[in-house]
Amino acid sequence: MTDGAGTDLPLIRHNDYSPLDPPALGEWDPALPVSVIIPAHGGQRRLDLTLAALAAQTYPDHLMEVIVVDDGSDPPLRLPEIAPPGTRIVTADPGRWGIAHAVNTGAALAEGRIIQRLDADMVVCREHIEALARWHHLAGYVVAIGAKKFVEEPELSPAHLYDGVRTGPLEAVFDLSEALPSSTEQTISRTDGLRTSRNPYHVCTGPTVSMRRETFHAVGGVDPDVLRGEDTEFAYRLAAHGVVFVPDMAAQAVHLGLPAQRRDRDRAVRAVGPYLAHRVPLRRDLRKDRGRRWLVPYVEVVLHVDGDERQVRDAVSAALEGSVTDVRVTLVAPWSRLSPGRRAVLGDPSFELRLLREHFAHDERVRLADEVSPTPAPIPFRYTGPTSVPLGHGSLERMIAVVQDDRSGMLVVDLGDDGTATLQRTEALGRARLLGADDVPTSIRATHGVRHGDRAEFWPVPARKPAQASAEKSAQAAAGRPAQAHPEKPAWNPPEQPVAAPARGDRSPEPARKPESRLSKLRSAIRRG
């Protein structure tokens, strides 16, 4: 198995990168060039300290360039006396502004195989770049995360800092006894270095993170429309791409100044909310407004147009009217072959297809496509099923709950004579693509697991109306058969195999709850995702 870049890889299941064996610091020969991207707006003094620390790195000078992107500083930033040899300052296009725009500007100019994103107020230890870069020599789809603590900005000259970083640990330069630990490091510790984390992208924040250059560009870079929380949104798209998140506590750093949430927690949290609500569907807690339409749906429902017009319309309506409301439907058919020229309207051989196109061409929730895209990213789930079996009201909700419970990468449901329906986790599909898998289901089984179910588990028999139940009871009595005790109860059964208790990952244990209905439990499982 390879990572798509020619590197042989051991099997990595979910985010358990334990099979990767990084070399010891100072005992290996780096080969990949690194581009350090530093977005900056003002803060010349802090930038001077950041560059002084980078000048003391153990990573070879000839394999490292530093690109400082000046995002509208007044006065403009200048290159200090102490900086790595390959350092330059570039100016971001004044047509846009913000951290994301600056990072993208630097990444577009980067020549290194590895992109290291670093804040302009971070002072890193001498092994920082080396510690993170060693993971990218092992696998092409790793995202490496450095450690950090927050300290008050000290009265320290760049020369003094350079000498201290070059000759010893950060503790020799800063008094870390009063340092504020990062909450992300607490999560990393609690989840065995993110190996057991259900959503490791949560801790992939911007101050120090690195990845292969092709990975950065494959997901479209950082979204310049996201002015707060852009690092979390970017990390979510990386997760959907199939990457493995590796925190390395040897890549120590201090952040000069306290975090924004300490200064104004309420505004800091509120400012992030709407950006993530629209772009990170897994944040179900942010999508509580009823009747809303969101930028990124929760599920893509793929339907191949293989029945008559009425059947397809019924299947689309069922998908859009279920208990999961943030859904996009993709109708797959040879739409591009429908010529616009003169034709016999009623005698058109493509009569049914043209009717469907007109029905759905103006519905923003429905997309017409000639073929299925390789991945629905950034949508986290993709359902594919026949139009002959419309989704039940709670079918999607039940399916998602099952795969969220045991973190499966794919669910396959046997529909009998109607074939099968599948629910794929985009993250697992992305991993299979990164590995260059010829057999996607087999790859997903190895990295995330594949679950199987039957129709009755996800398409409960609807409750019978009282009049119908009464008539059946009378008929049974006339035939001498005993009436069923609870004829109105839906015939939905739990899976034959017990579902493993979800790994709590990066969440604290919850207190005991009162008994819940089956559907409430399923909804709780979805929210845990």
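Just so we're clear, the structure is a prediction, and the values are computed from it rather than from any experiment. Residue numbers count from 1 along this sequence.
- Side-chain contact between V68 and V90: absent, with no pair of heavy atoms (C-beta onward) separated by less than 4.5 Å.
- Under the rule for a side chain to side chain donor-acceptor pair (under 3.5 Å), T420 has no partner lying at least two apart in sequence or in another chain.
- By the 4.5 Å heavy-atom criterion applied to side chains, T87 and L54 are not counted as neighbours.
- Under the 3.5 Å distance criterion, the side-chain polar atoms of S373 are matched with a main-chain donor or acceptor of T375.
- A distance-only check finds a donor-acceptor pair linking the side chain of Y236 to the backbone of P378 [under 3.5 Å].
- Here S73 pairs with H41, D70, L77 under the side chain to side chain contact (heavy atoms under 4.5 Å, CB included) rule; sequence neighbours left out.
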Show the atom names and distances, to 0.1 Å, of all donor-acceptor pairs under 3.5 Å that link a side chain in residues 120-132 to residues at least two apart or in another chain.
| residue | atom | partner | partner atom | Å |
| --- | --- | --- | --- | --- |
| D121 | OD1 | H255 | NE2 | 3.4 |
| R126 | NH1 | R166 | O | 2.9 |
| H128 | ND1 | A251 | O | 3.1 |
| H128 | ND1 | Q252 | O | 3.0 |
| H128 | NE2 | T208 | OG1 | 2.7 |
| E130 | OE1 | T58 | OG1 | 2.6 |
| E130 | OE2 | G26 | N | 2.6 |
| E130 | OE2 | W28 | NE1 | 2.9 |

Under the criterion ring-ring contact (aromatic ring centres under 6.0 Å, His included), I'd like the reasoning laid out for Y201 against F245: C-alpha separation, chi angles, the key distance, then a yes or no. CA-CA 7 Å; Y201 73 88; F245 293 94; 7.3 Å; no
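- Residues R367 and E300 form a side-chain contact, since some pair of their non-hydrogen atoms from C-beta on lies under 4.5 Å apart.
- With sequence neighbours left out, E230 forms a side chain to side chain donor-acceptor pair (under 3.5 Å) with no residue at all.
- There is no side-chain donor-acceptor pair under 3.5 Å between R96 and T105.
- Here I99 contributes atom CD1 and D119 contributes atom CG; the two are 6.5 Å apart, rounded to the nearest 0.5 Å.
- Contact check for V316 versus L303: side-chain heavy atoms found under the 4.5 Å cut-off.
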Set out, in order, the CA-CA distance, both residues' side-chain angles and the distance that settles side-chain contact (heavy atoms from CB on, under 4.5 Å) for L161 and I82, then state yes or no. CA-CA 10 Å; L161 185 140; I82 302 176; over 6 Å; no
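- To the nearest 0.5 angstrom, N199 atom CG is 10.0 Å from N15 atom CG.
- Taken to the nearest 0.5 Å, the CG atom of L63 stands 8.0 Å off from the CG atom of L32.
- Under the 3.5 Å distance criterion, the side-chain polar atoms of H101 are matched with a main-chain donor or acceptor of D93.
- Formation of a donor-acceptor pair under 3.5 Å by the R431 side chain with backbone atoms of H14 is found in this model.
- Of the inter-residue distances, the one linking L109 atom CG with I37 atom CD1 reads 7.5 Å to the nearest 0.5 angstrom.
- Between the side chain of D16 and the backbone N or O of R195, no donor-acceptor pair lies under 3.5 Å.
- One finds a salt bridge joining E65 and R88 here, because a Lys/Arg side-chain nitrogen approaches an Asp/Glu carboxylate oxygen to under 4.0 Å.
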Dump the intermediate steps for side-chain contact (heavy atoms from CB on, under 4.5 Å) on V440 and M410, then the final yes or no. CA-CA 10 Å; V440 171; M410 184 164 69; over 6 Å; no
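- The environment of Q44 atom CD is dense: over 12 non-hydrogen atoms of other residues, nucleotides or ligands sit within 6.0 angstrom.
- When each of T184, L194, V203 is tested with P247 by the rule side chain to side chain contact (heavy atoms under 4.5 Å, CB included), just one qualifies, namely L194.
- With respect to the salt-bridge test (charged N to carboxylate O, under 4.0 angstrom), the residues R212 and E214 qualify.
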Stepwise, does the side-chain contact (heavy atoms from CB on, under 4.5 Å) test hold for V329 with D363? CA-CA 10 Å; V329 176; D363 191 329; over 6 Å; no
Expected list for residues 269-279: side-chain donor-acceptor pairs under 3.5 angstrom, two or more places apart:
| residue | atom | partner | partner atom | Å |
| --- | --- | --- | --- | --- |
| H278 | ND1 | L295 | N | 3.2 |
| R279 | NE | D223 | OD2 | 3.3 |
| R279 | NH1 | Y275 | O | 3.3 |

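- Side chains of R451 and V402 form a contact here, defined as non-hydrogen atoms less than 4.5 Å apart.
- Contact check for R433 versus Y141: no side-chain heavy atoms found under the 4.5 Å cut-off.
- For the pair R284 and D326, the salt-bridge criterion is met [side-chain N within less than 4.0 Å of a carboxylate O].
- The environment of D289 atom CG is dense: over 12 non-hydrogen atoms of other residues, nucleotides or ligands sit within 6.0 angstrom.
- Other residues, nucleotides and ligands contribute at most 12 non-hydrogen atoms within 6.0 Å of the CH2 atom of W97.
- Looking at Y17, its side chain does come within 3.5 Å of a backbone N or O of G193 through a donor-acceptor pair.
- Side chains of D248 and R134 form a contact here, defined as non-hydrogen atoms less than 4.5 Å apart.
- In this structure the side chain of Y298 reaches within 4.5 angstrom of the side chain of I400, judged on heavy atoms.
- One N or O on the side chain of T426 and one on the backbone of I379 form a donor-acceptor pair closer than 3.5 Å.
- With hydrogens and angles ignored, the 3.5 Å screen pairs a side-chain donor or acceptor of R213 with a backbone N or O of E111.
- With rounding to the nearest 0.5 angstrom, the NE2 atom of H137 is 5.5 Å from the CD1 atom of I114.
- Counting heavy atoms of neighbouring residues, nucleotides and ligands inside a 6.0 Å radius, atom CG of D438 does not exceed 12 of them.
- In this structure R237 satisfies the side chain to side chain donor-acceptor pair (under 3.5 Å) test together with E233, sequence neighbours excluded.
- Side chain of R425 to main chain of V403: a donor-acceptor pair is present (N/O by atom type, distance under 3.5 Å, no hydrogens or angles).
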